[in-house]
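First the structure, in the form of structure tokens, and then the observations on it.
Chain letters run A, B, ... following the sequence lines, proteins first and then strands; every chain starts at 1. The basis for the numbers below is simple: all heavy atoms, side chains too, and nothing from hydrogens, waters or symmetry mates.
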Amino acid sequence: MTSLTQLFESLSPPEAARRLLGCEFVRTIDGREARVRIVETEAYHQSDAASHSYNGRTQRTDVMFGPAAHLYVYFTYGMHYCCNVVSGPVGTGAGTLIRAVEPVEGTELLQRNRDRSGIDLTNGPAKLCQAMAIRREMNGHDLEQAPLRLVLNPALENDQIVESTRVGISKAVDVPWRFYVKDNPYVSKS
DNA sequence: TGCCTGATGTTCT
DNA sequence: GAACATCAGGCAC
């Protein structure tokens, strides 16, 4: 049996971002489970000017250079958290930003964390972190362990995946490392 | 429907 | 001291 860490260690940033589409997060809160399906991702790598790891390993980006299949959580714009799944071998600053997820189970648990429902619940990187109560304390969390586990689903077919340029960045804007599930309403517009 | 802006704090220069 | 992998509310059309 292959561990998540071994699998994501062996994938390049865009391969990891594609592989994550269709996989699920299982978040345990107060003994109850919420499940969400990943529908939009962006790949980042240290050779990439838009990546936090571009300027080398710092206290903030330390976990991006650590073992794969761990969670990199960062705080931005003074009020939002976003989360990434670390990929590549130890010492490589690579990861996949989770931009949007689709609730599968335990939706009311997610709604309790956000004062909203419907599409608005998880259709953005900071929104899904709030819905799943992902905060700074979860930085460096191993995704094979509760209370937040990554569950692999079969890889999606290529005709289900749309590739495009990334959103919300000002450097390396032409790199086509954003991937999303075709025709999914939770994918953010642009 | 779509643009503009304020909120707010961490990180790096 | 400025930039920032964002969101939500307000206002104009």
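At least one side-chain nitrogen or oxygen of A:S170 sits closer than 4.0 Å to the OP1 or OP2 atom of C:dC4. Side-chain N/O atoms of A:R116 include one lying less than 4.0 angstrom from OP1 or OP2 on C:dG9. The phosphate of C:dA5 (OP1 or OP2) has no side-chain N or O of A:S51 nearer than 4.0 angstrom. Proximity of A:H80 to the phosphate of B:dT8: no side-chain N or O atom is located under 4.0 Å from OP1 or OP2. Of the side-chain N and O atoms in A:R114, one or more sit less than 4.0 angstrom from OP1 or OP2 of C:dA8.
Pair assignment for B:dC3: C:dG10, on the basis of Watson-Crick or G-U wobble contacts that are both within less than 3.5 Å. Base pairing analysis places C:dA5 opposite nothing; no Watson-Crick or G-U wobble pair with both distances below 3.5 Å involves it.
Looking only at distances, no side-chain donor or acceptor of A:E24 sits under 3.5 Å from a matching main-chain atom of A:N153. Distance alone, capped at 3.5 Å, places no donor-acceptor pair between the A:E9 side chain and the A:Q6 backbone. A:T28 contributes no side-chain N or O that, together with a main-chain N or O of A:G31, makes up a donor-acceptor pair within less than 3.5 Å.
Residue A:R136 has its side chain nearest to B:dT10 when only B:dT13, C:dA5, B:dT10 are considered. Candidate nucleotides B:dT13, B:dG9, C:dA5 were compared by shortest atom distance to the side chain of A:M64, and C:dA5 ranks first. When distances run from any side-chain atom of A:R60 to the nucleotides B:dC12, B:dT10, C:dC7, the shortest one goes to B:dC12. Among C:dA5, C:dC4, B:dG9, the nucleotide with an atom closest to any side-chain atom of A:K171 is C:dC4.
Nucleotide B:dT10 holds its C1' atom 13 Å from the CE atom of A:M79, rounded to whole Å. Note: OH (A:Y77) to C1' (C:dA2) measures 13 Å, nearest angstrom. Atom NE2 of A:H52 and atom C1' of C:dA3 are 11 Å apart (whole Å). Taking atom CG of residue A:N123 and atom P of nucleotide C:dA5, one finds them 20 Å apart after rounding to whole Å. Atoms CD (A:E42) and C1' (C:dT6) sit 12 Å apart, rounded to a whole Å. For A:H45 and C:dA5, the NE2 to C1' distance is 17 Å, given to the nearest whole Å. Distance CG (A:N55) to P (C:dA3): 15 Å, rounded to an integer number of Å. For A:Y81 and B:dG9, the OH to C1' distance is 10 Å, given to the nearest whole Å.
The residue A:A126 sits close only to the backbone: its heavy atoms come under 4.0 Å of sugar-phosphate atoms, none of a base. At the heavy-atom level, A:R99 lies under 4.0 Å from the strands shown only through sugar-phosphate atoms.
Side-chain N/O atoms of A:Y74 and base N/O atoms of C:dA5 include a donor-acceptor pair closer than 3.5 Å. Between the side chain of A:D120 and the base of C:dA8, no donor-acceptor pair under 3.5 Å is found.
Under a cutoff of 6.0 Å and an axis angle of 45°, A:R19 and A:F8 do not form a cation-pi pair.
By the 5.5 angstrom centroid cut-off and the 30-degree plane limit, A:Y44 is classified as stacked against the base of C:dA5.
Contact annotation: the side chain of A:V187 never approaches that of A:N123 to less than 4.5 Å [non-hydrogen atoms, C-beta and beyond].
For the residue pair A:Y72/A:H52, the side-chain donor-acceptor check at 3.5 Å is satisfied.
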